[in-house]
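Below: the structure, in structure tokens.
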Amino acid sequence: WNWTESFLFGGILSATDPVAVIAILKELGVLPDLRVLIEAESLLNDGTAIVLFQICESMLISPMSPLGYVGSAMQMVIGGPA
């Protein structure tokens, strides 16, 4: 595998699921603020994984200049993958 394919695969694997952690925290009676922080961090991870996947996919399918990739990433971060 080359670097782009490896990053594409890493983008798929990097999205985490906090359901088990949230369930354990509920059982332990942890403050709701901590649960909210963990859920928010999971959403940030999911968004980062989507952007990384989309950039690596575009690198494999339709190569362009590095500045084009930066612009594409900024468009996804600010306005979504559309």
Side-chain angles (χ1 to χ4, degrees):
W1 288 21
N2 62 29
W3 281 103
T4 306
E5 292 167 342
S6 299
F7 278 119
L8 182 73
F9 189 62
I12 293 169
L13 294 180
S14 66
T16 58
D17 187 18
V19 173
V21 174
I22 298 298
I24 291 171
L25 292 177
K26 271 187 180 177
E27 286 182 17
L28 294 175
V30 176
L31 292 173
D33 292 345
L34 183 59
R35 288 197 321 250
V36 169
L37 283 175
I38 291 173
E39 290 172 355
E41 188 265 340
S42 176
L43 287 173
L44 181 67
N45 285 346
D46 291 347
T48 303
I50 290 169
V51 170
L52 178 64
F53 180 84
Q54 291 287 328
I55 292 297
C56 291
E57 182 184 41
S58 69
M59 289 173 91
L60 289 172
I61 293 173
S62 58
M64 60 180 134
S65 71
L67 189 58
Y69 294 124
V70 171
S72 179
M74 294 306 289
Q75 177 186 3
M76 281 187 271
V77 168
I78 294 170

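Just so it is clear, the values below take in all heavy atoms, side chains as well, and ignore hydrogens, waters and symmetry mates. Counting from 1, the numbers follow the sequence of the chain as shown.
Residue Phe53 is grouped with residue Leu60 when hydrophobic side chains (ILVMFWY) are merged at heavy-atom distances under 4.5 angstrom, including chains of intermediate members. Grouping the Ile, Leu, Val, Met, Phe, Trp and Tyr side chains by contacts below 4.5 angstrom, directly or via other members, places Ile24 with Val21. Residues Leu28 and Leu34 share a single hydrophobic cluster, defined by chaining ILVMFWY side chains whose heavy atoms lie under 4.5 Å apart. A continuous path of Ile, Leu, Val, Met, Phe, Trp and Tyr side chains, each step under 4.5 Å between heavy atoms, connects Ile22 with Val30, placing both in one hydrophobic cluster.
The CG atom of Leu43 sits 10.5 Å away from atom OG1 of Thr48, with the distance rounded to the nearest 0.5 Å. Between the CD atom of Glu39 and the CG atom of Leu44 there is a distance of 14.0 Å, given to the nearest 0.5 Å. Atom-to-atom distance recorded for Ile50:CD1 and Met76:CE is 10.0 Å, nearest 0.5 angstrom. To the nearest 0.5 Å, atoms SG (Cys56) and CD (Glu5) are separated by 10.0 Å. Atom CE of Met59 is separated from atom CG of Asn2 by 9.0 Å, given to the nearest 0.5 angstrom.
Closest of all the heavy-atom pairs between Gly11 and Ala49 is O-CB, 3.4 Å. Between Ser58 and Tyr69, the closest heavy-atom pair is OG-CE2, 3.8 Å. In plain terms, the two heavy atoms of Ile55 and Ala73 that are nearest each other are CD1-N, 3.6 Å. Summarising the geometry of Leu8 relative to Glu57, their closest heavy-atom pair is CD1-N, 3.7 Å, with the distance given to 0.1 Å.
Open room surrounds CE on Met74; 12 or fewer heavy atoms of other groups in view lie less than 6.0 Å from it.
Asp46 has its side chain within reach of Ser42: a pair of non-hydrogen atoms, C-beta onward, lies under 4.5 Å apart.
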